[in-house]
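Start at 1 and go down the list; that is how both ligands and their atoms are numbered. Throughout, residue positions are numbered sequentially from 1 according to the sequence presented. Note: hydrogens, waters and symmetry copies are ignored here, and every other heavy atom, side chains too, is used.
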Amino acid sequence: MKKKITVFHVSLFCFISLSPFFSGCKVGPDVIRPELRAMNKSISIIPEPLSYRQSEGSFMINSQTCIIVDEDLKEMAERFNEIISPAWGAPLPIKINGQAKNNIIKFVIASDLNDLSDEGYQLKVTNDRIVITAAAEAGIFYGLQTVRQLLPEQIFSKQRVSGVQWEIPCVEIEDRPRFQWRGMHLDVGRHYMPMDFIKKNIDFIAMHKMNVFHWHLTEDQGWRIEIKKYPKLTQIAAWRDETLVGHVKDAKKGKAKYDGKKHGGFYTQDDIREIVEYAKQHYVTVVPEIEMPGHCQAALAAYPELSCSGGPFEVGKKWGVSREVYCAGNEKTFEFLQDVLLEVLDLFPSGYIHVGGDECPKHRWQVCEKCQGRIQSESLKDEHELQSYFIKRIETFLMAHGRNLIGWDEILEGGLAPNAAVMSWRGEKGGIAAAKAGHRVVMAPNTYTYLNFYQADRDTEPIAQGKFLPLEKVYNYDPVPVVLTEQEARYILGAQGQLWTEYIPNPKHAEYMLFPRMSALAEVVWTQKEKKDYKRFYNNLEVHLKRLDSYETNYRRLDSMSIPQKNYGNKPNNQ
Ligand code: ACM
Ligand code: ZN
């Protein structure tokens, strides 16, 4: 759409340029007046906002544009500079309580905007200024993420970019998230991921307006968090001698091959503090996961006295579910886990602590004197109730320390702990049962949210987990099951994507599995249901993928597997 230059515009231009009363931040001679430029950019924001209205014209950021905030929002202005200055080349000047009206970017907290929630925002871009208004800082932060996407995609570059006009189309946007839990999980147990990728992953989460990083820190194949009281966890449990080559299904046929290479690593407590702080600055809560009573073979390799049999064990080298689990009849197990959790609570301020609870085989408990003794002394029916006893005991401990327990949906078996939240991964059944019983739920069904599943025909893709999860199916997921009443649906906190890393050995591969499916998931958790439209999303991806290019992201290219087909996931809540 070309904008006509009228007499009015020319007079306005003269007035602004010549007026001694002109109150804007400086307008340099190199600057083309915005009102004389044509609007040449359509809007493509992922996740799609609640509403927007584009008008003619644009705002141009130049070296004299200044950010105007009051003292409380100074840090937010610095955050914006951090986001744009690598590509832009220098931070914009920040003026506290500045009075300029032109060539400014302004952030305003307005408590009467509560109907957009603390994470919502209003954004108004006119020829002269950008104004973000929100009820709370989180809303301003998400407004900034939108401004970033309104800029040319090169703004996502980590290197200085020259020759680009930093122009933003005039627009009015109102926006707020659909869900409060907008999560991404990352398994660092199967493969350790370096600190810079953990930070990049948080960047990805924040730029998609998601807000939870579920950090899966302990596994059969590796323990990744330093615990001062138990040094063998990092000396022994963090390292495996070698790793299975190829798919575990082939290994089962007696063809197991190992790579002969030691693999491991861990995050020191200082590393973890650094990540938690980095996440906080990006409005992301880090929810740590310490697996129990299963998925703990690595810990048992270091402390075999916590098992039923006494070991010895090695840190897992191949994938699958280990039968080696913590002994539920041994008081030392609870002492150990509570000590570990005390250090975890000290590091992570999150309201929820994830304790796993999934895939705990009962073979060892069935033949363990101590476990059977516990079943008797606590008048439990069977080993499922023993697992429930285990989780309830840990919940009591966490609640005494002011935290809530969350676990995978197996924690429903044998009776759910009184205040536990459930992460529903084996389809939605567990989540539905929990919501009906008045428990909070995060939807994470593997059929829609396991981003480690294949994205296309397995012959054409790197080795992955067995199922097929194309982009459109992720996009069409709706975290609120139709069988829930309105009241029950309130217990659905939101949803999250999972990245299990058995077949994902490094960050580059992780990015390939995440994108573009994580961008689809961002609309699942942020965008209002009635605004979701795969075709529109698919078209917007064209620009969004350029942003990911600028951000040096190794995403999977769009191809016939991603074009809108209406084949996937259109049935409500199918499993
Ligand atoms: C899981 O995939 N075992 C939660
Ligand atoms: Zn036992």
What protein N/O/S atoms are found closer than 2.8 Å to the Zn ion (ligand 2)? Cys308 SG, Cys327 SG, Cys368 SG, Cys371 SG
May I ask you to check if Lys532 and Tyr475 form a cation-pi contact, with NZ or CZ under 6.0 angstrom from the six-membered ring centre and within 45° of the axis? yes
I'd like to check which ligand 1 atoms, numbered from 1 as shown, lie under 4.0 Å from a non-hydrogen atom of Glu359. 3 (N)
Trp500 heavy atoms, cut-off 4.0 Å: which ligand 1 atoms fall inside? 1 (C), 2 (O), 4 (C)
Applying salt bridge (Lys or Arg N to Asp or Glu O under 4.0 Å) to Arg182 and Glu119, what does each step give before you reach the verdict? CA-CA 12 Å; Arg182 306 183 299 278; Glu119 297 185 305; 2.7 Å; yes
If you take the centroid of each ring, where Trp contributes its six-membered ring, are His216 and Trp408 closer together than 6.0 Å? no
I'd like to know if the side chain of His384 and the backbone of Glu413 have a donor-acceptor N/O pair within less than 3.5 Å. no
Applied to residues 515-527, the salt bridge (Lys or Arg N to Asp or Glu O under 4.0 Å) test, sequence neighbours excluded, yields Glu523-Arg536
Does any N or O atom in Asp358 lie less than 3.5 angstrom from one in ligand 1, N or O only? yes
Please tell me whether His509 and Tyr503 form a close aromatic pair, meaning their ring centres lie under 6.0 Å apart. no
Which of parallel (below 30°), tilted (30 to 60°) and perpendicular (above 60°) describes Tyr450 and Trp500? tilted
Glu410 side-chain N/O to Glu359 backbone N/O, donor-acceptor pair under 3.5 Å: yes
Could you list which atoms of ligand 1 come closer than 4.0 Å to a heavy atom of Tyr450? 1 (C), 2 (O), 4 (C)
